[in-house]
Structures are given as C-alpha cells and as structure tokens.
Peer 1: 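Handing you a structure now.
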There are 2 protein chains.
Amino acid sequence: MEANQFREFGKAMIDYTAEYLENIRDRRVVPTVKPGYLRPLIPENAPEKPEKWEDVLKDIERVIMPGVTHWHSPRFHAYYPTANSYPAIVADILSGAIACIGFTWIASPACTELEVVMLDWLGKALGLPEEFLACSGDKGGGVIQGTASEATLVALLGAKARTIAATKKKYPELKESDIVARLVGYTSSQSHSSVERAGLLGGVKLRSLQPDKNNKLRGETVAQAIKEDREAGLIPFYCVVTLGTTSSCTFDCLDEIGPVCNENETWLHVDAAYAGSAFICPEYRYLMNGIEKADSFNFNPHKWMLVNFDCSAMWLKDPSWLVDAFNVDPLYLKHEQQGSAPDYRHWQIPLGRRFRSLKLWFVLRLYGIENLQKQIRTHIGLAHYFEKLVKTDDRFEITEEVLMGLVCFRLKGSNQTNEELLRRINGRGVIHLVPSKIRDTYFLRLAICSRFTEERDIDVSWKEVKEAANEVLNGNSKQ
Amino acid sequence: MEANQFREFGKAMIDYTAEYLENIRDRRVVPTVKPGYLRPLIPENAPEKPEKWEDVLKDIERVIMPGVTHWHSPRFHAYYPTANSYPAIVADILSGAIACIGFTWIASPACTELEVVMLDWLGKALGLPEEFLACSGDKGGGVIQGTASEATLVALLGAKARTIAATKKKYPELKESDIVARLVGYTSSQSHSSVERAGLLGGVKLRSLQPDKNNKLRGETVAQAIKEDREAGLIPFYCVVTLGTTSSCTFDCLDEIGPVCNENETWLHVDAAYAGSAFICPEYRYLMNGIEKADSFNFNPHKWMLVNFDCSAMWLKDPSWLVDAFNVDPLYLKHEQQGSAPDYRHWQIPLGRRFRSLKLWFVLRLYGIENLQKQIRTHIGLAHYFEKLVKTDDRFEITEEVLMGLVCFRLKGSNQTNEELLRRINGRGVIHLVPSKIRDTYFLRLAICSRFTEERDIDVSWKEVKEAANEVLNGNSKQ
C-alpha cells in the first residue's frame with residue numbers, strides 16, 4: 001500500500017469511525033451470532049495477491065460488525081466503561097506512525113520523557129501525594145501499564161522482592177524458596193479476579209479476607225490476619241486495597257488499612273481501576289483518604305477518562321524494588337544515559353512498549369481538566385437518575401450505595417427470579433447488563449459506560465428493565 | 001472534541017503520518033537531546049480548558065520529534081526491526097473506534113473469532129504443523145500476545161502448571177512449594193534477556209546452558225543438563241529454544257533438542273520472535289526443522305511482518321494448561337457460550353485485550369502473502385549486500401553467518417577498537433547501530449529495519465562505517 005492509497009483509506013476510515021460512533025445508538029448492543037459465525041464468512045487462507053482497500057472497508061459491515069458487542073452504545077451497561085474518544089484515536093495514529101519501542105530512554109527519548117511528565121500531570125490532577133510524582137525529585141514516579149491486572153502483578157512482584165530482601169537480611173540462613181513458601185498477601189474477597197490471579201502467577205499465597213457487612217475490607221480484619229499469620233510462622237508481604245470493586249463499586253477502608261500495612265512492612269497496593277478517574281473531581285477525593293500510606297496506586301484512564309485502551313496509570317513510591325529485582329541488562333540495551341532517566345522496561349512485565357503517553361497528552365489537552373470532570377459528574381448524575389427511577393418501583397431494591405456510575409439493584413425476591421430477569425433483559429436485545437453476587441445474593445449491575453449516554457437513554461434502559469420485570473413477575477411472555 | 005473536528009484532525013494526522021514516513025530518510029536517526037529535555041517544553045500542569053487541535057498538531061514537531069529515535073528510517077540498524085505499515089495503522093483506527101475489551105467471547109464475538117481464524121491463516125502461511133491450528137479440530141490454537149516476553153512467560157507458567165500436576169500425581173506427599181523449589185528450566189546463554197526474566201518473574205530456576213562454537217544450543221547439552229539435574233533431585237520442566245537470537249540471529253538446534261524435551265516431559269517453547277516471519281518464505285522453513293516437537297511457538301509479526309506493535313503470535317498445542325491453571329471465573333465474566341469458543345483472557349497475563357487481529361487481517365489482505373515474502377527476501381538480500389561490502393575491506397571481519405536481515409561484523413583487532421568504532425559511527429549521527437558481545441568478543445550488529453531501505457541506503461551506511469573506521473584506525477578525527 002502506497003502513501004497515496006493510505007491517505008484515501010485512512011481518511012475513509014476516519015469517516016467510518018465518526019459515522020459508527022455518532023450512530024452507535026441505532027445498533028443492537030449485543031450481537032445474535034453463534035460461536036463459529038465468522039469462519040465461513042472469509043476465505044480459508046490469506047490471499048496470495050494484495051486486495052483492494054475498498055473491499056476490506058466493505059467487509060467491516062459484512063464480517064466484523066455482525067459480531068461486535070458495542071461497548072460505546074448508550075445501551076451498554078455491562079462490566080465497567082472502557083474509554084473511547086476522538087483525541088485518543090488520533091493520538092494512536094501518531095503512535096503507530098512513530099512506532100518506536102520505548103524500552104530504554106535512548107530507544108526514543110520522547111516516548112519516555114512524555115510519559116514521565118504526563119504521569120505527573122495526571123497525578124497532580126488527581127491530587128496524589130507528592131511522593132508518587134517524579135517532579136518531587138524523590139524516588140517516586142508513574143508509568144503506563146497495559147492493564148490493572150499487570151499493575152497488581154507488578155506491585156506484587158515488587159513486594160515479593162522487598163520482603164525477600166528484608167527477610168534474608170534478618171535471617172541469612174533461610175533459603176529463598178523457604179521464604180517464598182512462607183509469604184502471604186491479603187485482599188478482600190470482593191477484590192477483582194486479577195488479584196487472585198496475580199497470586200497464582202507470582203506463586204505466592206494470597207488470603208481472601210471477609211469484608212464487613214457493607215462489603216468494605218476493614219483495617220482490623222487485615223491486622224487480625226497478619227497477627228494470625230505471623231503466629232503461624234508466615235511472612236506478610238502484600239495487601240491490595242480496592243477503591244471501587246468490580247461487583248458493587250465499594251471502597252475498602254484505605255485509611256484504616258494503610259497504617260496496619262505500614263506498621264507491618266507490608267506493601268500496600270491500591271487498585272482504583274475504575275473509580276480512580278473520579279478523583280479528578282475534588283469532591284470525590286475523600287474516597288481515597290489514606291492514600292499517602294500506599295506503596296503503589298493504580299487506576300485506568302482507559303476505563304473512565306476517555307483514553308483508549310491500553311493506558312493503565314500506575315505510581316510507585318519506590319520503583320527500585322522492581323528495577324533491581326528483575327533487571328537483566330544485555331549489552332544491546334545498554335546506553336550512556338542509563339540512570340539519568342527511567343528505562344521503563346524495568347517497570348513492567350513485557351520488554352517492548354508503545355508510545356502510549358501521546359494518548360494522555362492529547363486527551364488532557366483537547367478535553368481540558370474541566371471536561372474530564374464534567375464527564376465523571378455526568379455519569380454519576382445518570383447513575384443517580386437511574387437509581388431514582390428504580391426507587392419509584394417498589395418491586396425493586398437497590399443493593400449498594402450508589403457512589404459512582406454503577407447501580408446495583410434487584411427484584412425483591414429470589415436469586416432465581418433475578419437470574420430470569422437478567423436473561424429477559426439481555427434477551428430483548430435493547431440493553432446489556434451483567435450480574436454479580438455477594439454473599440449469595442444475586443443482583444444486576446447497571447454501569448453508565450458510554451460518553452454518548454443521556455437521560456433519554458436511561459429512560460429507555462429503565463423501560464427495558466421494567467418490562468422485563470413485568471414479563472418475569474406476570475409470566476406473560478412468549479419466552 | 002466533536003465528530004466534525006475529529007474528521008478534520010484525524011485526516012490531518014493521516015497526512016502528517018504519510019509525510020513523516022515518506023520523508024523519514026531526511027531526519028537525524030537518533031536525537032541529540034539530553035535526559036530531561038522535554039519537561040521545560042510544556043506546561044507544568046494539564047490545562048483546565050480544552051485547547052485547539054491545531055495547536056496540538058503543531059506541538060508534535062516542537063516537543064515530540066526532537067526526541068524521537070526514528071525506528072523506520074533506512075538509517076536505523078539497531079536492535080531488530082519493529083513493524084510499521086499503512087494497513088496496520090488504518091486497522092488500529094478501526095480497533096480504536098470499536099474499542100471493545102475482548103476478554104471473553106461474548107464481550108465481542110468478532111474480536112475472538114477473527115483472532116482464531118487469523119492465527120490459522122498465519123500458521124498456515126508459515127507452514128506450522130496442523131496440531132497448532134484451531135482449524136485442525138484438536139486442542140491447539142493461536143493467540144495474540146503483547147510481546148515475545150509475555151509469550152515466554154505464559155509458556156513457562158503453562159509448563160510449571162503441567163509439571164506440578166504431573167509431579168503431584170506421582171508423589172502425592174510432596175508439597176507444592178517443594179515441587180516449585182525443585183523445578184528447573186533450560187535455555188541458551190544466547191537467548192533473549194526476557195527468558196531469564198521469565199524465570200525470575202515465575203520464581204523458578206532457569207539454567208543458562210553454553211551453546212556450541214557456532215553459538216547454537218545443542219541437543220546433547222540439554223540432555224546432559226537434564227540428566228545431571230535429575231540426579232541432583234531436581235525436576236526439569238521447561239526449555240526455550242531460540243530461532244534467531246538477538247545478538248547474532250543464530251538458530252538453536254531445534255531438531256536435536258525437540259526429542260530430548262519430549263522424552264523428558266519438558267515443555268519445549270520455541271522463540272522465533274524476529275526470524276519467525278521469514279518462515280512465510282518456503283525456502284527458509286528448514287530453519288525450523290523439528291517444530292513438530294514443540295509445545296508452543298511464538299514469533300512477532302510486529303517485528304518483521306509489517307503489523308504494528310503489539311502483535312506477538314503464539315501457538316500452543318494444548319492451551320488447557322494455561323486455561324485451567326490460572327482460571328478465576330467471577331460471575332460477571334461468565335457467559336452462556338463458555339467452552340464453545342476460546343475466552344482468551346485465560347491465555348494471557350492481562351485480563352483486557354484490544355481488537356488486534358484487525359491489524360493482521362488488514363496486513364495479510366492488503367499486502368498479500370507474495371508482498372510479505374518479498375519484504376523478507378528484500379531485507380535478507382540487503383543484508384547480504386552489506387555483508388559483501390564489508391568483505392571488500394580486509395580491515396573487517398564478519399563474525400556470524402548471515403542468514404536473515406542481520407550482519408554481525410567488527411574491525412579485526414581489540415574490543416576497545418570496536419567500541420571506539422561504534423562510538424564514532426553513532427556519534428556521526430547519520431546511522432544507528434547497537435553492539436553485542438559473545439564469549440568476550442565485542443561486535444557490531446547491522447540490522448535491516450525499515451521497509452523503506454534500498455541499496456543506496458546500504459551504500460550510505462557502509463560509507464559511514466568505513467569513514468568511522470578510518471577515523472579510528474588513523475586517529476585522524478576531531479573527536
């Protein structure tokens with residue numbers, strides 16, 4: 001493909017993108033295809049000869065769109081939002097054009113340097129403690145990870161390295177494998193599945209602790225677990241606190257847990273994957289009270305801050321635990337400026353990395369802080385609007401306090417009734433929700449996901465829920 | 001940013017991209033900036049109010065480009081290539097527009113299904129054994145990882161799970177931590193640094209074995225190590241074979257090592273990150289003789305097959321070791337079609353994933369197999385052309401057989417002379433190379449990286465090398 005064809009094709013794709021997104025409301029939110037739908041639609045082998053770009057463009061509607069779940073439809077209320085914005089898409093074109101692999105500073109200085117400064121911009125916009133920022137001149141700083149799962153794993157590996165080093169110092173006779181076998185980390189049973197998975201991947205025990213009746217992990221629970229484990233000869237090393245759980249957007253008691261971790265030399269990682277974006281609004285920062293006790297903090301601008309995936313922002317007070325623990329330094333990656341700027345390859349699992357900070361730069365500048373705040377406030381307002389609608393119907397109950405853009409609700413009655421309700425809602429094909437379950441109570445989650453969502457969309461969603469409830473409760477449907 | 005502004009901005013960026021890439025030859029390949037250059041060029045904080053896109057576009061030349069190392073310049077010969085093509089850039093726009101997170105099939109069926117079929121297209125184009133392909137109807141199949149590092153780690157974790165399960169079955173009295181402490185993997189001292197790092201991350205021993213005098217890891221070396229380790233009570237579980245090492249593009253003896261691994265129930269992972277793309281040309285497939293013995297195979301279309309980063313293709317004969325070992329399955333991720341299509345989140349470290357197979361689809365269709373083959377053959381031809389030029393000058397020696405697009409060479413003489421040579425070459429600012437060292441011999445690596453490279457560029461590169469050599473050997477420079 002020559003440059004002139006690219007100019008045509010690229011611009012056609014820009015137009016396609018605008019049309020797709022501006023009219024996304026009209027598409028069925030979840031497709032009706034069955035597993036295996038796609039294979040018969042395309043040839044069995046890649047073509048020998050090049051095809052025309054016009055034919056590829058045409059195939060998007062024929063092959064791809066019938067199987068797309070439209071995450072940016074105002075009718076999509078599943079999981080949590082994933083970001084999508086015009087500035088981020090344009091920034092990604094530039095990232096693709098430059099296509100550097102920023103594993104070291106010299107591999108493309110702009111790639112590293114913009115990331116350092118953007119993580120400072122972002123950290124300041126959130127009101128993070130100075131110690132996390134590179135501009136403080138301390139050890140701390142930020143980095144873009146691919147996902148919150150990776151941030152959790154990276155923090156766990158840093159914690160593991162730190163505790164192994166400390167334990168070896170105290171008990172030089174212990175073998176490393178014996179230390180690892182005795183390490184134990186903590187998290188709430190409500191934390192994201194990726195926390196448990198980080199434990200499995202990292203080959204260490206993670207205890208799943210019970211939150212209180214409001215689903216919050218409490219300081220005393222962590223303190224008690226640490227005490228028990230120390231008595232049993234184990235070595236506490238890591239604790240993950242969630243600000244905004246996936247199931248119900250609940251906030252663990254960071255201000256209680258922080259001091260417990262600090263006193264017990266237990267690395268405190270704060271996972272605010274979804275809710276962290278809200279801290280750009282000063283009125284929500286009370287929800288991260290105690291953040292100054294954390295060793296690492298992570299949230300996903302690629303969820304709720306209009307920066308397309310992947311862009312998971314992570315700050316560490318002392319990245320040297322990562323840099324030193326997994327530092328393999330072949331000659332072909334050495335350079336003369338080592339040490340005077342971060343080599344981000346040491347801060348992450350993969351070696352290679354794209355120029356992702358361009359997305360942050362474009363989004364922060366082309367929205368401005370005030371519009372990013374507005375998007376958060378609008379979503380939270382829409383969640384409260386839906387909550388209000390649910391409360392007008394006394395067949396329903398709200399199962400969790402609505403703080404962010406998520407409403408947890410259910411029909412009063414059995415889990416089975418609610419499972420049937422969800423099946424009907426999703427089966428009608430207009431909106432899409434996923435369920436969750438806490439302490440054997442099954443409920444529905446309605447997340448505000450799209451930047452296109454307005455009150456009229458929430459009216460539609462509520463109508464869908466109500467009519468599905470009528471079907472379930474009156475048994476008056478054609479199944 | 002509204003849709004109409006996006007149309008303007010997006011199209012302006014398409015034009016910028018075409019102009020940047022078509023004229024990349026004219027830019028200085030490595031920037032002259034010093035660490036910290038960028039921070040003073042932009043404000044200390046993100047703006048409160050939105051800025052104009054025209055101002056952002058203008059800042060690319062002012063802020064970003066002075067710090068960019070131009071990986072796609074024909075003057076860039078460092079590391080290995082990273083891909084950059086117009087079809088991939090356009091596909092990424094579409095991926096950004098759809099912006100689904102394909103962690104499960106239902107989260108966007110097209111995202112999973114196109115990936116399954118594209119990995120089949122690609123596997124067939126490379127001539128991989130049927131057992132690796134999903135279309136075989138067996139367990140095997142392919143997946144897109146972010147990087148080869150992740151593929152190596154994922155394979156290691158699968159191997160670890162498989163061997164732990166087998167050992168527990170044989171010796172039910174053994175504790176898991178005792179098994180892990182006895183696990184041992186193998187790789188060549190010439191394998192990529194990410195292999196060693198995978199061992200560190202996975203918390204298992206990896207032995208670095210000596211290759212033969214041609215820098216190839218041999219079957220008997222692995223067999224001997226396994227024998228020794230078994231006698232010492234260890235449990236061999238994993239072996240990484242490299243096809244095309246980073247230092248010198250050397251190929252381990254896969255056909256010898258495969259049977260040794262199979263006989264010893266040791267998971268064989270083949271890392272062909274760079275060189276794997278060449279197997280699209282039938283005449284290079286002899287270099288992967290023995291591939292049918294491997295448990296997993298990985299190469300990076302994002303290196304040498306014109307698919308922009310990230311797109312690392314991995315095939316596994318039996319992915320169930322991964323799926324089952326790290327399967328955490330919360331209610332919000334369950335769906336009714338589980339089991340009838342892959343849920344790729346189980347195949348990788350992160351949970352979230354972009355719609356990356358679009359890039360493969362666009363590149364394979366818009367180049368066609370014949371043009372992808374042509375690009376490989378051209379690069380290899382250019383490497384041989386440079387090799388020929390080096391051989392015309394008897395001050396130089398070629399240190400490794402040239403098989404792919406990499407030439408390893410040095411001035412006859414001391415390491416110090418060659419270190420000085422490299423410093424001069426890079427200091428002149430026209431071309432960029434990195435060095436490597438094998439068995440205390442320091443040499444220079446010239447990799448053919450850009451899809452724009454022509455013979456006239458190689459003439460320039462050779463002139464640069466020769467003139468720098470004149471400076472070093474005649475001491476006639478102004479330092």
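Everything quoted here is computed from the prediction, not taken from an experiment. Below, chains carry the letters A, B, ... as their sequence lines are ordered, and counting in each starts from 1.
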Peer 1: Nearest 0.5 Å, what's the CH2-CG distance between A:Trp361 and B:Asp59?
Peer 2: 4.5 Å
Peer 1: At their closest point, which heavy atom of B:Pro47 faces which heavy atom of A:Trp121, and how far apart are they?
Peer 2: CD-CZ3, 3.9 Å
Peer 1: For a quick test of reading the model, state the closest non-hydrogen atom pair linking B:Ala3 to A:Ala18 and the distance between them.
Peer 2: CB-CB, 4.4 Å
Peer 1: Identify which part of A:Val30 has an atom lying under 4.5 Å from any heavy atom of chain B, answering side chain, backbone, both or neither.
Peer 2: side chain
Peer 1: Check each atom of B:Ile93 against the heavy atoms of chain A and say whether the ones under 4.5 Å are side chain, backbone, both or neither.
Peer 2: both
Peer 1: Would you mind checking which part of A:Lys11 comes under 4.5 Å of any heavy atom in chain B, side chain (CB onward), backbone (N, CA, C, O), both or neither?
Peer 2: both
Peer 1: Measure the CD1-NE2 distance between A:Ile101 and B:His302 for me, rounded to the nearest 0.5 Å.
Peer 2: 6.0 Å
Peer 1: Given a strict heavy-atom distance threshold of 4.5 Å, which part of A:Ser108 is in contact with chain B: side chain, backbone, both, or neither?
Peer 2: both
Peer 1: So, taking the atom named CE in B:Met13 and the one named CD1 in A:Ile14, what distance separates them when rounded to the nearest 0.5 Å?
Peer 2: 9.5 Å
Peer 1: Under a 4.5 Å heavy-atom cut-off, does chain B meet the side chain of A:Pro31, its backbone, both or neither?
Peer 2: side chain
Peer 1: Given 3.5 Å as the limit, does a donor-acceptor pair link the side chain of B:Trp71 with the main chain of A:Ala107, or not?
Peer 2: yes
Peer 1: Using heavy-atom distances under 4.5 Å, tell me whether B:Ile24 contacts chain A through its side chain, its backbone, both, or neither.
Peer 2: neither
Peer 1: Just so I know, are the side chains of A:Val90 and B:Val56 near enough to count as touching, which here means a heavy-atom distance under 4.5 Å?
Peer 2: no
Peer 1: Checking A:Leu21 against chain B: side chain, backbone, both or neither under 4.5 Å from a heavy atom?
Peer 2: side chain
Peer 1: Between A:Ala83 and chain B, with a heavy-atom cut-off of 4.5 Å, which part of the residue counts as in contact: side chain, backbone, both or neither?
Peer 2: backbone
Peer 1: What is the minimum heavy-atom distance between B:Arg354 and A:Phe309, and which atoms define it?
Peer 2: CG-CD2, 3.0 Å
Peer 1: If we check ring pair (Phe, Tyr, Trp, His ring centres under 6.0 Å) with A:Phe6, which of these qualifies: B:Tyr86, B:Tyr16, B:Phe362, B:Tyr20?
Peer 2: B:Tyr86
Peer 1: Given that the side chain runs from C-beta out, which part of A:Asp92 has a heavy atom under 4.5 Å from chain B: side chain, backbone, both or neither?
Peer 2: side chain
Peer 1: Spell out, as yes or no, whether a donor-acceptor pair under 3.5 Å connects the side chain of A:Asn308 to the backbone of B:Gly96.
Peer 2: yes
Peer 1: Taking side chain as everything from C-beta outward and backbone as N, CA, C, O, which of these in A:Val434 sits under 4.5 Å from a heavy atom of chain B? Side chain, backbone, both or neither.
Peer 2: side chain
Peer 1: Flag the one option from B:Glu44, B:Met1, B:Arg7, B:Gln145 with the top tally of heavy-atom pairs under 4.5 Å to chain A.
Peer 2: B:Arg7
Peer 1: Could you tell me whether the side chain of B:Arg39 reaches within less than 4.5 Å of the side chain of A:Asp120, counting heavy atoms only?
Peer 2: yes
Peer 1: In terms of heavy-atom pairs under 4.5 Å with chain B, which of A:Gly146, A:Ala78, A:Cys135 leads?
Peer 2: A:Cys135
Peer 1: Below 4.5 Å from any heavy atom of chain A, which atoms of B:Lys52 appear? Answer side chain, backbone, both or neither.
Peer 2: backbone
Peer 1: Nearest 0.5 Å, what's the OG-CZ distance between A:Ser149 and B:Arg345?
Peer 2: 10.5 Å
Peer 1: Non-hydrogen atoms of chain B under 4.5 Å away: do they reach the side chain of A:Trp53, the backbone, both or neither?
Peer 2: both
Peer 1: Can you tell which part of B:Pro66 gets under 4.5 Å to a heavy atom of chain A, answering side chain, backbone, both or neither?
Peer 2: neither
Peer 1: Taking all non-hydrogen atoms of both residues, which atom of A:Ser193 and which atom of B:Tyr332 are closest, and how far apart?
Peer 2: N-OH, 3.7 Å
Peer 1: Got a second to check how far B:Lys205's NZ is from A:Glu176's CD, nearest 0.5 Å?
Peer 2: 10.0 Å
Peer 1: For B:Phe103 and A:Tyr79, take the angle between the two ring planes, folded into 0 to 90°, and tell me which bin it lands in: parallel under 30, tilted 30 to 60, perpendicular over 60.
Peer 2: perpendicular
Peer 1: Does any backbone or side-chain atom of A:Thr82 lie under 4.5 Å from a heavy atom of chain B? Answer side chain, backbone, both or neither.
Peer 2: side chain
Peer 1: Is there side-chain contact between B:Ile42 and A:Glu113, with heavy atoms separated by less than 4.5 Å?
Peer 2: no
Peer 1: Applying side chain to side chain contact (heavy atoms under 4.5 Å, CB included), run through A:Ile98 and B:Ile64 and close with a yes or a no.
Peer 2: CA-CA 10 Å; A:Ile98 296 174; B:Ile64 303 301; 4.0 Å; yes
Peer 1: Among A:Val63, A:Thr112, A:Leu41, single out the residue with the greatest number of heavy-atom pairs under 4.5 Å to chain B.
Peer 2: A:Val63
Peer 1: Can you confirm whether A:Leu351 sits close enough to B:His192 that some side-chain heavy atom of one is under 4.5 Å from a side-chain heavy atom of the other?
Peer 2: yes
Peer 1: Could you check whether any side-chain N or O of A:Gln337 sits under 3.5 Å from a backbone N or O of B:Pro35, counting only pairs where one atom can act as donor and the other as acceptor?
Peer 2: no
Peer 1: With only heavy atoms counted, which part of B:Leu114 is less than 4.5 Å from chain A, the side chain, the backbone, both or neither?
Peer 2: both
Peer 1: What part of A:Lys34 is in contact with chain B, defined as an atom under 4.5 angstrom from a non-hydrogen atom: side chain, backbone, both or neither?
Peer 2: backbone
Peer 1: Check each atom of B:Thr69 against the heavy atoms of chain A and say whether the ones under 4.5 Å are side chain, backbone, both or neither.
Peer 2: both
Peer 1: Tell me every residue that passes salt bridge (charged side-chain N to carboxylate O under 4.0 Å, His left out) with A:Glu22, counting only those two or more places apart in sequence or in another chain.
Peer 2: none
Peer 1: Is any side-chain N of the basic residue among B:Asp55 and A:Arg365 closer than 4.0 Å to the acidic one's carboxylate O?
Peer 2: no
Peer 1: Under a 4.5 Å cutoff for heavy-atom pairs, which residue among B:Gly36, B:Ser312, B:Ala148 has the most contacts with chain A?
Peer 2: B:Gly36
Peer 1: Side chain, backbone, both or neither: which part of A:Glu8 has a heavy atom under 4.5 Å from chain B?
Peer 2: neither
Peer 1: Heavy-atom distance under 4.5 Å to chain B: side chain of A:Lys334, backbone, both or neither?
Peer 2: neither
Peer 1: Against chain A, work out which of B:Ile349, B:Asn45, B:Leu364 has the most heavy-atom pairs shorter than 4.5 Å and name it.
Peer 2: B:Asn45
Peer 1: In terms of heavy-atom pairs under 4.5 Å with chain B, which of A:Leu153, A:Ile106, A:Val180 leads?
Peer 2: A:Ile106
Peer 1: Under a 4.5 Å heavy-atom cut-off, does chain A meet the side chain of B:Glu150, its backbone, both or neither?
Peer 2: side chain
Peer 1: Considering only heavy atoms and a distance below 4.5 Å, find which of A:Val117, A:Val116, A:Asp310 pairs most often with chain B.
Peer 2: A:Val117
Peer 1: Can you tell me which portion of A:Glu370 sits under 4.5 Å from chain B's heavy atoms? Options are side chain, backbone, both or neither.
Peer 2: both
Peer 1: Flag the one option from B:Leu372, B:Val33, B:Ile369 with the top tally of heavy-atom pairs under 4.5 Å to chain A.
Peer 2: B:Ile369
